[in-house]
Amino acid sequence: MHRREFMGVCTGAALTAAVKGPSAPALSVRAAPEADAVPFSLTVMLWTVFRDLPFAQRLEKIAEAGYHAVELVDEFKNWKKEDFAEARRKKRELGIEIDGTCGVWIPLADAGKRDDFLKSLREVIPTMRELECTRLIMQTGNKIPGLSPAEMHANCIETLKRGGEIAAENNIELLIENIDPEENPKYFLTQSAEGFDIVRSVGNPHVKFLYDLFHEQISAGNLIAKLEKNIDLVGLVHVADVPGRHHPGTGEINYPNIFRKLVELRYSRYVAMEFLPLGDPVKELRDARELAISSARSSRAARSFDSGRKYESA
């Protein structure tokens, strides 16, 4: 997902002014398990579906498709306090949570914008409380003219160290994301390997990496090896197939293997569907959910079978 000139399809607007909201919700590191033998939970990036409907009806459609969580970009940008209250009422009625949102659009790679970033981060926290959301998705921004890649890399680390302190104080998580150069050739962080290195260098458990498999497949591929190497740094996984950003199974990514690998690695956070439906969105979301769960269950079953085998020496 993206924003303005350094974002792509997932566009938005400036965040609403900070308002005093409910108490900060407790940070939930683990998602509620999606089903028996499936450690992760499934969510939907809401910008991809039902954009012509009012917010409450969009949540109803998400629930109809079998999901219990959504992620936001700027759907709330013009909301008043009563709109936030109604959204909370509706999501509780449907058993849906908002597991992540965007809201800070200041680039991480520009040290000259660091104070602006920290100010914007502080200002978005009351809105996150209104949403009862504890995870903030952000981007590094575009490359900064005149700076080397090493300088931009270092700037991201320092800004996130400072931001991570604010996140820890407020019991939230910051998630940075990779975006492929085909979608935005100006964007700084195009490969997950560098993103994982940045997060590891920050060294704060409140700063994680959003592993977008769609973008990474276009940028570099080798998706599973990076999961295996960096699973402790993954705060969120985004799902769409390549090419076209459509539902799993329409392109070249072997999503059943990825869902099985997530089980093997005991990944217990969220996996977000961020694809553009080709037909009925409810059906395609249901199908994607079933693919994820059935693949994950097959991995668990295979592990149980293997662990129960008895081997005899020759």
Side-chain angles (χ1 to χ4, degrees), residues 1 25-34 37-43 45 69 71 97 99-101 108 133-140 153-154 156-179 188-217 219-239 253-272 274 292 295-296 299-300 302-303 307:
M1 302 150 324
L27 179 64
S28 173
V29 174
R30 288 176 176 267
E34 186 66 31
V38 180
F40 54 79
S41 193
L42 297 167
T43 182
M45 228 323 168
E71 295 171 1
E97 75 167 289
D99 68 279
T101 185
L108 299 171
C133 173
T134 59
R135 298 175 188 86
L136 183 66
I137 300 167
M138 61 189 62
Q139 292 76 35
T140 62
H153 182 99
C156 289
I157 292 171
E158 182 58 31
T159 299
L160 285 169
K161 282 183 177 180
R162 299 273 299 278
E165 294 172 358
I166 296 172
E169 291 168 3
N170 290 277
N171 213 24
I172 64 172
E173 270 187 354
L174 310 181
L175 305 173
I176 64 166
E177 155 177 44
N178 57 309
I179 294 173
F188 170 61
L189 183 60
T190 59
Q191 295 194 17
S192 68
E194 183 166 12
F196 285 123
D197 184 67
I198 288 171
V199 170
R200 187 172 282 106
S201 297
V202 172
N204 186 325
H206 289 262
V207 178
K208 296 286 187 181
F209 188 68
L210 192 171
Y211 193 18
D212 191 307
L213 300 169
F214 169 80
H215 289 305
E216 183 64 13
Q217 175 67 7
S219 294
N222 203 21
L223 305 178
I224 287 178
K226 290 160 195 165
L227 272 177
E228 292 174 328
K229 184 178 179 181
N230 303 288
I231 193 64
D232 58 313
L233 304 178
V234 178
L236 177 62
V237 174
H238 274 190
V239 166
I253 301 178
N254 191 329
Y255 271 109
N257 277 351
I258 288 173
F259 295 135
R260 284 190 281 268
K261 179 57 65 174
L262 289 173
V263 173
E264 292 173 17
L265 296 173
R266 295 178 173 83
Y267 177 77
S268 59
R269 288 169 168 260
Y270 279 93
V271 174
E274 195 187 17
S295 300
S299 174
R300 186 64 177 267
R303 288 172 57 203
S307 65

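Side-chain atoms are counted along with the backbone in the values below, which use heavy atoms only and exclude waters and symmetry mates. The structure displayed is predicted, hence computed values, not measured ones.
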Is it true that Thr43 and Asp99 share a donor-acceptor pair across their side chains at a distance under 3.5 Å?
yes
Taking only residues two or more places apart in sequence, or in another chain, which ones meet Asn230 in a side-chain contact (heavy atoms from CB on, under 4.5 Å)?
Phe196, Arg200, Lys226, Leu233
Is there a donor-acceptor contact under 3.5 Å from the side chain of Lys208 to the main chain of Ile176?
no
Spacing of Tyr255 atom OH and Ile253 atom CD1 [to the nearest 0.5 Å]
3.5 Å
Establish, from distance only, whether the side-chain atoms of Glu71 and His238 form a donor-acceptor pair under 3.5 Å.
yes
Under the side-chain contact (heavy atoms from CB on, under 4.5 Å) test, which residues partner Glu158, sequence neighbours left out?
Arg114, Lys161, Arg162
Here the gap from Leu262 atom CG to Arg266 atom CZ, rounded to the nearest 0.5 Å, amounts to 13.0 Å
Between Leu189 and Phe209, is there a side-chain heavy-atom distance shorter than 4.5 Å?
yes
Could you grab the distance from atom OG of Ser268 to atom CZ of Phe40, nearest 0.5 Å is fine?
11.0 Å
Hey, does Ile258 have a side-chain heavy atom less than 4.5 Å from the side chain of Ile224?
yes
Is the shortest side-chain heavy-atom distance between Asn257 and Phe259 below 4.5 Å?
no
Closest heavy-atom contact between Val207 and Leu160?
CG2-O, 3.9 Å
Taken to the nearest 0.5 Å, the spacing of Gln139 CD from Phe188 CZ works out to 14.0 Å
Ignoring hydrogens, what is the shortest heavy-atom contact between Glu274 and Asp212? Give both atom names and the distance.
OE1-OD2, 3.3 Å
Can you list the residues that meet the side-chain contact (heavy atoms from CB on, under 4.5 Å) rule with Gln191, with sequence neighbours excluded?
Glu216, Ser219, Ala220
Is the closest side-chain heavy-atom distance between Thr140 and Glu177 below 4.5 Å?
no
Separation of Glu228 CD from Leu223 CG (nearest 0.5 Å)
11.5 Å
Here the pair of heavy atoms bringing Ile231 nearest to Tyr267 is CD1-CD1, 3.8 Å
Side-chain (His206) to main-chain (Gly164) donor-acceptor, under 3.5 angstrom:
no
Could you state the interatomic distance from CG (Asn204) to CD1 (Ile166), rounded to the nearest 0.5 Å?
11.0 Å
For the student: nearest non-hydrogen atoms of Asp232 and Lys229, plus distance
OD1-O, 4.2 Å
Within-4.5 Å side-chain heavy-atom neighbours: Val239 and Phe214
no
Indicate yes or no: at least one non-hydrogen side-chain atom of Tyr270 is less than 4.5 angstrom from one of Leu236.
yes
Hey, are Asp197 and His153 close enough side-chain-wise for a donor-acceptor pair under 3.5 Å?
yes
